[in-house]
Amino acid sequence: MFIVAVTGGIATGKSTVTKVFERQGIPVIDADKIAREIVEPGQPCWQKIRATFGDEVLLPSKELNRAVLGRMIFENKELRGKLNQITHPVIHRTIFWRVFKLFMSGHAWIVLDLPLLFETGILMDFIHKIVTVSCDSEKQLQRLLARNELSETEAVNRIESQMPLEKKCEKSHFVVDNNGSILATEEAAMRIYTMMQESKQHWYNRFSLLGAILIIVFAIVFLSATFDLWPKSWRF
């Protein structure tokens, strides 16, 4: 199995691309969805956020008040760092576990929707191909303002908290230009899907893993036989 990461900036249209892959039956692990799951009331991350930021970031229902918390962390880099220290390790562990389960299910390839792929750098060594969804800065701002109830200053702060799109595009294998129509974006995503379907990388990865396992098993057997390490109860 190999992994294709879809990244980009906030409000650039990553979900438009990942939905194309989903419709073709490719599993998609969405880091943002995981981030929401792990901060539900009562979860360990929720408890740590409450202890760190206080009850002012909670709604009467005890769910996170995302508007309040968002304003706090995007106006204060130190507070944003504290939140990331609470949530990022759990997000990454959850991603690893879900990737492992999909690998064991026999999928040829999967997609990770990772908005902060380059910013965190944690998963880079596991990614086969990177797709960045990009659009003009003005269009990105207008989309974010239309999607979220933010002031222009708040929206700009959120955009600027991420790596510039130009740098992400430079580091990517594919760039999907999302300045045009949804149809054009979906067609670009389908071209990438077709290329990934034709790839034999998943066989290479599986044979490499099998080879590594066989080498380890052989080494254990050889060393045990050489140095007489087998328990007597195991001997014939």
Side-chain angles (χ1 to χ4, degrees), residues 5-18 29-95 112-124 130-172 175 178-179:
V6 175
T7 190
I10 186 171
T12 58
K14 296 181 296 297
S15 61
T16 301
V17 173
T18 56
I29 299 174
D30 188 332
D32 279 346
K33 287 183 180 179
I34 294 173
R36 289 191 290 271
E37 293 170 7
I38 65 172
V39 296
E40 291 176 353
Q43 293 291 328
C45 284
W46 176 88
Q47 294 172 350
K48 292 179 181 178
I49 291 171
R50 183 180 186 181
T52 302
F53 295 92
D55 286 346
E56 62 183 293
V57 300
L58 301 181
L59 295 167
S61 64
K62 299 304 181 184
E63 294 178 315
L64 286 184
N65 188 327
R66 298 182 180 278
V68 171
L69 182 59
R71 281 195 295 270
M72 291 174 65
I73 65 169
F74 286 107
E75 291 174 359
N76 188 312
K77 188 175 182 179
E78 183 179 347
L79 291 180
R80 187 161 67 249
K82 289 182 178 181
L83 180 64
N84 290 343
Q85 288 175 358
I86 293 171
T87 59
H88 282 187
V90 181
I91 293 170
H92 291 141
R93 284 198 299 271
T94 304
I95 289 173
L112 300 187
D113 185 341
L114 297 168
L116 300 180
L117 171 67
F118 293 114
E119 286 84 347
T120 64
I122 300 295
L123 299 169
M124 290 292 292
I130 299 172
V131 181
T132 291
V133 185
S134 180
C135 66
D136 295 339
S137 57
E138 183 61 30
K139 187 159 290 189
Q140 181 185 15
L141 178 60
Q142 293 306 316
R143 286 174 178 170
L144 183 55
L145 290 171
R147 191 185 74 181
N148 298 54
E149 295 181 359
L150 301 171
S151 68
E152 185 167 336
T153 299
E154 290 172 332
V156 170
N157 285 341
R158 297 193 179 201
I159 292 172
E160 291 182 348
S161 71
Q162 298 182 343
M163 179 186 291
L165 275 171
E166 294 80 6
K167 289 187 177 181
K168 291 187 177 185
C169 292
E170 291 172 0
K171 295 173 178 288
S172 301
V175 176
N178 195 25
N179 284 301

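By convention here, the first residue in the shown sequence is residue 1. All values reported here derive from a predicted model rather than from experimental measurement.
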Does some side-chain heavy atom of [Y] sit less than 4.5 Å from a side-chain heavy atom of [X]?
X: Thr120; Y: His92; value: yes
X: Arg50; Y: Val57; value: no
X: His88; Y: Leu116; value: yes

Can you pull out every side chain to side chain donor-acceptor pair (under 3.5 Å) where at least one residue sits in residues 69-80? Sequence neighbours excluded, please.
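Checked against side chain to side chain donor-acceptor pair (under 3.5 Å) - neighbours excluded - no pair reaches residues 69-80.
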
Main-chain N/O of [Y] paired to [X] side chain as donor or acceptor, under 3.5 Å:
X: Gln47; Y: Gly42; answer: yes
X: Glu154; Y: Ser151; answer: yes
X: Asn179; Y: Asp136; answer: yes

Non-hydrogen atoms of [X] and [Y] that approach each other most closely:
X: Glu56; Y: Val68; answer: O-CG1, 3.6 Å
X: Trp46; Y: Lys62; answer: NE1-O, 2.8 Å
X: Leu150; Y: Leu145; answer: O-CD2, 3.5 Å
X: Ile130; Y: Thr7; answer: CG2-CG2, 4.1 Å
X: Val175; Y: Ser134; answer: CG1-CB, 4.2 Å
X: Cys135; Y: Ala11; answer: SG-O, 4.5 Å

What's the separation between atom [atom1] in [X] and atom [atom2] in [Y], rounded to the nearest 0.5 Å?
X: Asp32; Y: Glu37; atom1: CG; atom2: CD; answer: 11.0 Å
X: Thr153; Y: Phe74; atom1: OG1; atom2: CZ; answer: 14.5 Å
X: Ile10; Y: Leu144; atom1: CD1; atom2: CG; answer: 4.5 Å
X: Lys14; Y: Asp30; atom1: NZ; atom2: CG; answer: 9.0 Å
X: Phe118; Y: Lys168; atom1: CZ; atom2: NZ; answer: 7.5 Å
X: Ile29; Y: Asp113; atom1: CD1; atom2: CG; answer: 10.5 Å

Taking Gln142 as the fixed residue, which of Lys139, Gln140, Glu138 is the one that meets the side-chain hydrogen bond (donor to acceptor under 3.5 Å, both in side chains) rule?
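Result: among Lys139, Gln140, Glu138, Glu138 is the only option passing the side-chain hydrogen bond (donor to acceptor under 3.5 Å, both in side chains) with Gln142.
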
Please determine whether side chain to side chain contact (heavy atoms under 4.5 Å, CB included) holds for the pair Gln43 and Ile38, giving the CA-CA distance in whole Å, both sets of side-chain angles, and the decisive distance to 0.1 Å.
CA-CA 6 Å; Gln43 293 291 328; Ile38 65 172; 5.6 Å; no

Walk me through it: do Arg36 and Arg66 pass the test side chain to side chain contact (heavy atoms under 4.5 Å, CB included)?
CA-CA 10 Å; Arg36 289 191 290 271; Arg66 298 182 180 278; 3.5 Å; yes

My understanding is that only one of [options] makes a side-chain contact (heavy atoms from CB on, under 4.5 Å) with [X]; could you say which?
X: Thr12; options: Ile159, Asn178, Leu165; value: Leu165
X: Phe53; options: Leu69, Leu58, Asn65; value: Leu69
X: Leu114; options: Val6, Ile95, Ile91; value: Ile95

Residue pair Met124, Leu117: steps toward the side chain to side chain contact (heavy atoms under 4.5 Å, CB included) verdict:
CA-CA 7 Å; Met124 290 292 292; Leu117 171 67; 3.6 Å; yes

So, Glu119 and Lys167, do they make that salt bridge, N to O below 4.0 Å?
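The answer is no: the pair does not qualify as a salt bridge.
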
